[in-house]
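Following: one structure in structure tokens, then a few remarks.
Per chain, numbering begins at 1; letters A, B, ... match sequence-line order.
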Amino acid sequence: MDIHSFFASDERKDLLRLLTCGSVDDGKSTLIGRLLYDSKLLYEDHLAALERDSVRRGSAGGDMDYSLLLDGLKAEREQGITIDVAYRFFATPRRKFIIADTPGHEQYTRNMATGASTADLAVILIDARQGVLPQTRRHSFIASLLGIRHLVVAVNKMDLVGYRQEVFERIRGDYFDFATRLEIGEVACIPISALKGDNVVTPGPNLLWYQGEPLLPYLETVHVASDRNFIDLRFPVQYVLRPDLNFRGYCGTVASGILRRGDAVLALPSGRRSTVKAIVTHDGEVEEAFPPMAVTVTLSDELDISRGDLLAHPHNLPRTSHELEAMLVWMDERALALNQPYLLKHVAGMIQADVVGLRYRMNVNTLHREPADTLALNEIGRVALRLRRPLAHDAYARNRACGAFVLIDRLSNATVAAGMILDREPDESVPEHRAADQPRSRYVRPPPSLVTPGERASRLRQKPCTVWLSGLPKSGKTTLAVALERRLFDLGCQAHILDGGTLRLEISRDLGFSGDDRAENIRRAAGVARVCNDAGLITIAAFVSPFAEDRHRARQIIGAARFLEVYVHAPVEVCERRDDEGLYARARRGEIPEFSGVSAPYEEPSRADLVLPTHELDVATCVEQIVAEMRQRGWIGLEPANLGR
Amino acid sequence: MNSYRLTHLKQLEAESVHIFREVAAEFENPVMLYSVGKDSSVMLRLAQKAFHPGRIPFPLLHVDTTFKFREMTEFRDRMAREVGFRLVVHTNRQALDAGCEPCGYGTQKCCALLKTQGLLDALAAGGYDAALGGARRDEEKSRAKERIYSFRDRFGQWDPKNQRPELWNLYNARHNKGESIRVFPLSNWTEQDVWHYIYTEHIPIVPLYFARERPVIERDGMLILDDARFPRRPGEAPRTLMVRFRTLGCVPCTGAIRSDADTIEKVIAEVMTARHSERQGRAIDHDQDGSMEIKKREGYF
């Protein structure tokens, strides 16, 4: 084998960026040392022929430096700079790897988020003697938050538990019980002993009961290319190149989608249109560019486009707005200050931004949402931001490059937070299965049916849907629901009421009124509504549902195409006046904790399909408005011929 | 397999080009450090790529200790002519006039004055707010933790315990007057990637990288080029050996290795099968425990 064919084979390799997380005691250094060392040996095997042909080693031939490598890691610990991400590199005949090595103890959140932001895959180490620990959950949550779609759980130190299969199976079971609550595409559990080398590179004789691939072969073959977004063209203009009067090029890195010569493009936020004249590179012009290529684009029109503009296809535009909802990982010693300007750096520019609301803080150990006034170092929470200029962006879950941002302190210039933009545009279709909150058992499937939705609709002469009434206690939800149900029935429809009372009497009798319990109650309500809709019924759901995120999730579970969000609006004073049960009074005395509108927030729906001010309109008028909207959407009052689709 | 994929080398190239453009867009007065070595040659090509068909929009700075190999200076001047970049050469004349030289002063002191101080003086003199360098994370353990944008205070110092978090490709270029940022576009490249890129892109490099018969002196376990500018020690006699240099620095501090790799193919074959890390030939990394980190804290690249 000569150098040309070696490079020809090297050329075909792609790059896998991975993150390793675990504590010192989990054997992370040993694992990384082994991966680096063993893969180097593999690599050298591959190169042996080459070596024989053409090389006489120069200076004194070195021996293995496995121990040196580990000493190096130890030395770093002693120097006290482990509280940081270290990047390490290795290659095998199949792939190149960049490891972001993040220490598991101090500053874990900040470091893990940093390492995870550029990683395709995370390896989470578990000590077989310890099993799943709070830190395992923490690491898994942060990996999923940062959008890592592939997770490898390496159950290490199998040698210390006698290589027993039942130990591994128990840990794997525990892990899946927890991990099903996270949004991670693929999870592999692999038993290993990094120290002894079992199942790291080759299976070894001690874990013969394990049928899957060892760790390194898994890493070499796991398919990550499909994680990239090749659908939504986003080309942020990074630098404008004007070497002479005849050339005006827009330099940038394709963030997502595919850019082709001749494409019609729209520049955001300016809204100017043009077509791609050429895609220029130092190596010549190309017909198309895809992520993560760095190219220069020329357009057929002279437009005033500059850094901060983003090119997209006119039929597939990002959301452009002044307002964002996002998850934040706080990374600075100085806690988050609400309503103070920060600089928000996004792939499409730098904009001044205020954090105007902190929805909740996430407890990374329990994954519970907690009310909070601020976010301190290493804390994670959901926030609302208001920007001084509109920003073209996507949801992080759909488009990592256009959904990520950092916040920078204007005075200290420090990078204080990492942000992941949340989806606010619900998917229009009825979801096949729920993307979030996968069921615990992966074998659960909805029941088969020989009756189609169209047949049901024809029989019942209605399209099933959910009318979701949200509003403060005593705003009039139940009154409206009752009147609407009667009115629909009189129109010949099959409708029913689903409310807090119904649910909490049976299905949710185990739940209280904390933020978490409320969220769970709403999730169950949405699940019931979905089942009823699937059965062809019209569901009138009356729930305070004070949190936008929970309503958004309900919309996703039920399907946005058959979901009508109605904000039953009355000022809190009006509600209190109507309150003949004395609930508000008791809440104000502290007898009812977490009472929406009094001792707990009510997030007003900003994008409700219908807003009904019940202090201004009478019940009949409100009902007619809902019925009109339902007719308008073609859900009721149509001839049978139009119902089947 | 999706056809829309880039080889690892093209991915690294794209990342580096992105960084170059980001620097040109966000800093007022950037400069690129040019050490004439192979990494600098790759940096130069990437800078050309980033701004094609335009010219490189910032100058290249060479901190010349005056003890560099003659072939390095010749190569540097030739590249400046051929590529057409603006070259700034800085030398710490004050230290040289005071008699600073590696053999008498010792490598630590000499480096501190001629390289580190020379660099800091040059950056201050030029008023540069960003300095692009060719350092890689795989070179040395303290570099494994360096950011792509590495913040330096008013004194050019690096604080490894207080680095800015760096996420995605969103680099924080904010700094106050007097402070600066060192930028490392090759952070994620390995030595092998650099060689591979030189090979596939036909990038010219200094001939010292290729084996040739050269007069060398064996000193402290290193093979030092016999150069008329530096006196031999008593008892030293030059031998003519087939050698080449894996890294390039100052003549008295850069050891040659025995090799007959006289073509790029042979050099690469040798590099890829060698088990010794490439900086092993450099005296400065070993003169003190954790020495690279200490130099970096003080402002060395």
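In this structure, the portions of A:A113 lying under 4.5 Å from any heavy atom of chain B include both its backbone and its side chain. Of the atoms belonging to B:R244, not a single heavy atom falls under 4.5 Å from chain A. Looking at B:Q163, both its backbone and its side chain come within 4.5 Å of chain A, counting heavy atoms on both sides. In this structure, no portion of B:F151 lies under 4.5 Å from any heavy atom of chain A. Neither the backbone nor the side chain of A:D244 has a heavy atom closer than 4.5 Å to any heavy atom of chain B. Residue contact with chain A, scored on non-hydrogen atoms closer than 4.5 Å, is absent for B:A261. For a residue to count as touching a neighbouring chain, one of its non-hydrogen atoms must lie under 4.5 Å from one of that chain's; by this rule B:A50 touches chain A with the backbone only. For chain B, the nearby parts of A:A404 are the backbone and the side chain; heavy atoms of each come within less than 4.5 Å. For A:R17, the part lying under 4.5 angstrom from a heavy atom of chain B is the side chain only. Contacts between B:S187 and chain A at a heavy-atom distance below 4.5 Å involve the backbone alone (N, CA, C, O).
For the residue pair A:T114 and B:R147, no side-chain donor N or O sits within less than 3.5 Å of a side-chain acceptor on the partner.
Separation of atoms OG1 (A:T415) and CG (B:L170) is listed at 9.5 Å; rounding is to 0.5 Å. Distance check, rounded to the nearest 0.5 Å: CG of B:D193 to CG of A:L15 gives 8.5 Å. For the atom pair OG1 (A:T253) and CD (B:E22), the distance works out to 8.5 Å, reported to the nearest 0.5 Å.
Nearest heavy-atom pair, A:P243 versus B:G54, reported as atom, atom and distance to 0.1 Å: CB-CA, 3.6 Å. Nearest heavy-atom pair, A:F405 versus B:W168, reported as atom, atom and distance to 0.1 Å: O-CZ3, 3.4 Å.
Around the CD atom of B:E82, the shell of radius 6.0 Å holds more than 12 heavy atoms that belong to other residues, nucleotides or ligands.
At least one side-chain heavy atom of A:F290 sits under 4.5 Å from a side-chain heavy atom of B:L6. Side chains of B:P53 and A:L241 form a contact here, defined as non-hydrogen atoms less than 4.5 Å apart.
When A:L343, A:T281, A:V295, A:V280 are compared by the number of non-hydrogen pairs under 4.5 Å with chain B, A:V295 comes out ahead. Here B:H8 is the residue among B:Q48, B:H8, B:E15 with the most heavy-atom pairs under 4.5 Å with chain A. When the candidates A:L16, A:I258, A:I98 are compared by the number of heavy-atom contacts under 4.5 Å with chain B, A:I258 comes out ahead. Most heavy-atom pairs under 4.5 Å with chain A: of the set B:Y171, B:Y199, B:F51, this distinction falls to B:Y199. Counting heavy-atom pairs closer than 4.5 Å to chain A, the top residue among B:L9, B:L223, B:N169, B:N188 is B:N188. Between chain A and the options B:E201, B:R55, B:H175, the largest number of non-hydrogen pairs under 4.5 Å is found for B:H175.
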query: So A:K345 and B:E26, side chain to side chain contact (heavy atoms under 4.5 Å, CB included) or not? Walk me through it.
result: CA-CA 12 Å; A:K345 185 165 185 184; B:E26 291 212 316; 2.9 Å; yes

message: Go through it in stages, so that I can follow the logic: the residues are B:R45 and A:H282, the test is side chain to side chain contact (heavy atoms under 4.5 Å, CB included), and I'd like the CA-CA distance, side-chain angles, deciding distance and then a yes or no.
response: CA-CA 10 Å; B:R45 175 60 56 87; A:H282 181 266; 4.1 Å; yes

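By the 4.0 Å N-to-carboxylate-O rule, A:D409 lies too far from B:R174 to be salt-bridged with it.
Taking the ring centre of A:Y87 as origin, the terminal cationic atom of B:R137 falls inside the region bounded by 6.0 Å and 45° from the ring axis.
Checking side-chain atoms of B:R164 against main-chain N and O of A:N413 turns up a donor-acceptor pair under 3.5 Å. A distance-only check finds a donor-acceptor pair linking the side chain of A:Q238 to the backbone of B:H18 [under 3.5 Å].
Exactly one residue among B:K49, B:R21, B:H52 makes a side-chain hydrogen bond (donor to acceptor under 3.5 Å, both in side chains) with A:T296. That residue is B:R21.
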